[in-house]
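Structure, as structure tokens:
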Amino acid sequence: AAVRARFTAGRATLAAAGIDSSPAARAQRSGDEHYRWANDYQRVGVACPFLDDEACSIYADRPAICREFVVTSPPEYCLAPAPETVRRVPLAGSVSRALFAVDTDLEGHGRLMLIDCLDWVAAHPAPPARPGPAVVQAVFATLSAMS
């Protein structure tokens with residue numbers, strides 16, 4: 001219930017700030033527009049709904065993008081991230097980018113922000129069209145092509 005309440009509060013905060021994080025809105029943005037939108041989203045300061053007492057409550061099961069966001073810069077820079085302040089640890093590959101490349105549109109709905117995931121799952125209860133093993137094989141093939 002507490003996690004669901006944080007999702008609801010985060011969506012309300014974004015809506016009050018006029019920020020539409022829905023997949024449909026995200027799919028319509030160009031690269032530059034998306035970068036500006038991402039900065040606006042970050043400035044609103046909606047914390048991850050899985051953050052509990054400053055710790056990740058789903059750490060063992062966290063999304064790929066979270067696993068890849070490894071930084072060495074001070075935490076306060078993450079409040080307004082910029083290439084000149086946030087120092088990321090370079091990784092050999094990006095599973096999240098491979099996932100996006102493999103399944104870019106989530107059956108026509110665009111990429112999701114974490115804050116929208118519960119609503120999306122509730123609206124799309126059917127199992128995905130592509131079975132998990134096929135996605136994993138495609139991700140590994142994409143990662144191989146990226147290196």
Side-chain angles (χ1 to χ4, degrees), residues 1-15 17 19-27 29 31-107 109-125 127-128 130-147:
V3 171
R4 288 186 184 277
R6 290 192 291 260
F7 270 92
T8 300
R11 297 283 300 129
T13 299
L14 291 172
I19 297 172
D20 185 354
S21 64
S22 70
R26 291 189 74 211
R29 292 186 189 94
D32 287 345
E33 291 170 321
H34 181 74
Y35 182 76
R36 282 190 296 278
W37 173 87
N39 282 337
D40 290 343
Y41 183 102
Q42 190 73 30
R43 270 192 286 280
V44 172
V46 174
C48 173
F50 293 111
L51 195 61
D52 189 17
D53 198 24
E54 297 300 317
C56 179
S57 64
I58 61 165
Y59 189 79
D61 299 311
R62 68 197 182 280
I65 193 80
C66 297
R67 293 172 187 269
E68 295 172 0
F69 197 74
V70 181
V71 298
T72 59
S73 48
E76 59 268 15
Y77 291 149
C78 291
L79 294 173
E84 58 274 2
T85 58
V86 175
R87 292 183 308 277
R88 293 186 70 169
V89 175
L91 302 175
S94 172
V95 172
S96 62
R97 284 193 181 132
L99 281 166
F100 291 149
V102 165
D103 214 4
T104 56
D105 68 347
L106 286 173
E107 300 172 9
H109 300 282
R111 296 179 187 164
L112 291 174
M113 295 299 290
L114 180 64
I115 200 73
D116 294 312
C117 288
L118 290 184
D119 291 341
W120 190 89
V121 169
H124 301 87
R130 192 177 350 184
V135 173
V136 170
Q137 288 175 340
V139 166
F140 279 120
T142 302
L143 279 169
S144 295
M146 288 178 165
S147 51

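Just the heavy atoms: all of them, side chains too, but no hydrogens, waters or symmetry mates, feed the values below.
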| request: Answer yes or no: is there a donor N or O on one side and an acceptor on the other, between the side chain of R62 and the main chain of Y59, under 3.5 Å? | output: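 The answer is yes, because a donor-acceptor pair under 3.5 Å joins these two groups.
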
Distance-minimising heavy-atom pair for [X] and [Y]:
{"X": "A122", "Y": "P125", "result": "O-CD, 3.8 Å"}
{"X": "V46", "Y": "G10", "result": "CG1-CA, 3.6 Å"}
{"X": "P63", "Y": "I58", "result": "CD-CD1, 4.2 Å"}

Test side chain to side chain contact (heavy atoms under 4.5 Å, CB included) applied to [X] - qualifying residues, sequence neighbours left out:
{"X": "F140", "answer": "V136, L143"}
{"X": "P49", "answer": "R6, F7, L114, I115"}
{"X": "A17", "answer": "I19, V44"}
{"X": "V89", "answer": "V70, T72"}

| task | First locate atom CZ of F50, then atom SG of C66, and finally report the distance between them rounded to the nearest 0.5 Å. | result |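 One gets 9.5 Å once the value is rounded to the nearest 0.5 Å.
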
| request: First locate atom CG of D20, then atom CG of D116, and finally report the distance between them rounded to the nearest 0.5 Å. | output: 8.0 Å

Test side-chain hydrogen bond (donor to acceptor under 3.5 Å, both in side chains) applied to [X] - qualifying residues, sequence neighbours left out:
{"X": "D119", "result": "none"}
{"X": "D52", "result": "none"}
{"X": "E68", "result": "S94, S96"}

| task | Keeping to residues at least two apart or across chains, list the side chain to side chain donor-acceptor pair (under 3.5 Å) pairs with something in residues 83-93. | result |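 Every candidate side chain to side chain donor-acceptor pair (under 3.5 Å) pair involving residues 83-93 fails, so no pair, neighbours aside, qualifies.
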
